[in-house]
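What follows is a single structure, written as structure tokens, with notes after it.
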Amino acid sequence: MSTQERETIELNLYQAHKKIYPREVKGRFQFKRKLAVVVLLGLFYLVPWLQMGGEQAILFDLPNRRFHILGLILWPQDFIFLALLLIIAAFSLFFFTALAGRLWCGYACPQTVWTEVFIWMEQLTEGGRNQRMKLDQAPWTWNKFRKKTSKQILWVTFALWTGFTFVGFFTPIRELANHIWIWQLGPWEMFWLFFYSFATYGNAGFLREQVCLYMCPYARFQSAMFDKDSLIISYDEQRGEPRMRGKKRRTENNPGDCIDCTLCVQVCPTGIDIRDGLQYECIACAACIDACDEVMEKSGMPKGLIRYTTEHSLSGKPSRILRPRVILYALVLFGLITGFVTAFMMRSPISINVLHDRNTFYRMVDSNTIENVYTLKIMNKGRETAQYQLSASGLPELSVVTDVDSDMLQAEPGQLISVPIKIRAPKKIANQRIHNILLSVMSGQHKNSEEVKYFGYKK
Amino acid sequence: MPTQPITKNKNFNARQVKRIFVRRLGIVIWVSFLVAAVQSMVFFALFDPVYLWQLSSWHIDISYWQGYAMGFACFWAFLFAAGYVIGIVMALPRAQLAKRIGTK
Ligand code: SF4
Ligand code: SF4
């Protein structure tokens, strides 16, 4: 970015905000976006109501520190999976940005999705772009009051429902609904419900494109993933210029295809003119494509004056899809996903941790046998109470001994137990300074093992 | 205002300066909020807030929600403090700014 550009952007930051009235637009990309809105929001609002085996199918139960995901339970010890998942998400974002630009912003970002719905409600109550502009300038009359109030009622209801659903991901949503019904919300439920509702209302109702312009970190660093082969939405300057309209257009002998109707500017939710070139404000919503295509169709010119394209193809060079950058992101992504899936498949419902007694290496039990003392910690990550059996291997004639009752070797779901154990071996066999042996914990068909050090009898 | 805009050859009036300050304040609040959210997630996945408070110098018993909320508020406050001070320190001292404006 040149200093010139940087200064203008910085200056924009200091100007008062002007309200943007995006014009309604129909077309193939808007259809896809609406589809995305319906699918994503549908998922968001329905998923917490899904039940599975008598409990909520997806529930991030923070007070009990466990996540229920489609019948699986994840414990804090499984944090690695969550971390991996987030990293995978980040890399998919990089990958898709390199490949196809700001797809995320245009179609999937919650900011865009909720803003779409809020704008739709605005259109429903206040009418189209021109009507809205007029309404805002008009003095307060009964009619204006009525329109504005119905808009607010829609917005607030929708925002509250959103807040309610959001909290429903963290506490059982049916109970929550019940609590609301009898108006006995706990303080945290209350706080988060209103907090998230307020955030939705503010972000989608008022801040809108300003979130993308000033608040979103992704909007700032996405350009780092771009290259000249990434898909962007662009105006074909060679074809469109010199733009002209009306009478001038009819008399001029070689006008460009742009009839300067400014529809592409009016539909833009971030209020920019795509004809000025690629700008960081553009969230790639493709509204201007649809608007322009319609105009081109009506005036009998080929579509695609504004279109998805790449910088290379605009300048007449061939575009490549496979570039080092894309391949690199894809490889990393592939590696991460494989790692995640394997790790997840190998995840055991028994998690163990063995600590060797710090004070002695080994003890003599009788003249022929020695023992090592350990503290064994077992966490039950399964769904049922489990009874554990212990065994050791790696040396012949090893035996595991515990002084505790067998019900001390039992754990409820999510419980962590800690038992002192001894592993005995004949001293003739355990005759090295250190042996590596394997301690296994079993319960039903599940088994988990850990390699532990065994200090032998060596003079 | 503690943070003056660093923009060459621009003289801002009092209202603009105030607006700049408010915007920057908003940015610091917002970014520290985001980072505090991530920090809480990682931190509380690794440590159990209830145990931590029992182990603390005050041996307090709290509920999980209180634990999470206090942790989050603390992270946010400290991150905000860090961001705020960074903002002040990053803004060039007035004297230096004046010189740079004069030279161009
Ligand atoms: S710029 Fe940020 S907030 Fe806006 S649509 Fe893109 S990701 Fe979402
Ligand atoms: S320039 Fe076009 S694609 Fe970009 S934000 Fe505006 S309408 Fe959407």
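Every chain is numbered from 1 and lettered A, B, ... according to where its sequence line falls, protein lines coming before strand lines.
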B:Val22 portion near chain A, given a 4.5 angstrom heavy-atom threshold
neither
Answer yes or no: is there a side-chain heavy-atom contact under 4.5 Å between A:Asn64 and B:Tyr64?
no
Choice from A:Phe79, A:Trp188, A:Trp75 maximising heavy atom contacts with chain B below 4.5 Å:
A:Trp188
Answer yes or no: does atom CZ of A:Phe198 have more than 12 heavy-atom neighbours from other residues, nucleotides or ligands under 6.0 Å?
no
For A:Met215 versus B:Trp30, what's the shortest heavy-atom pair and its separation?
O-NE1, 2.7 Å
Measure the CE-CG distance between B:Met41 and A:Leu82 for me, rounded to the nearest 0.5 Å.
5.0 Å
Return each pair, listed once, that meets salt bridge (Lys or Arg N to Asp or Glu O under 4.0 Å) where at least one residue sits in residues 179-199 of chain A; pairs must be two or more places apart or across chains.
none
May I ask you to decide if A:Leu62's main-chain N or O and B:Tyr68's side chain share a donor-acceptor pair within less than 3.5 Å?
yes
Is any residue of residues 45-54 of chain B within less than 4.5 Å of chain A by heavy atoms, and which ones?
B:Ala45, B:Leu46, B:Phe47, B:Asp48, B:Pro49
A:Phe60 atom CZ, neighbour heavy-atom count above 12 within 6.0 Å
yes
A:Met408, CE: over 12 other non-hydrogen atoms inside 6.0 angstrom
no
Checking heavy atoms, do the side chain of B:Trp65, its backbone, both or neither come under 4.5 Å from chain A?
both
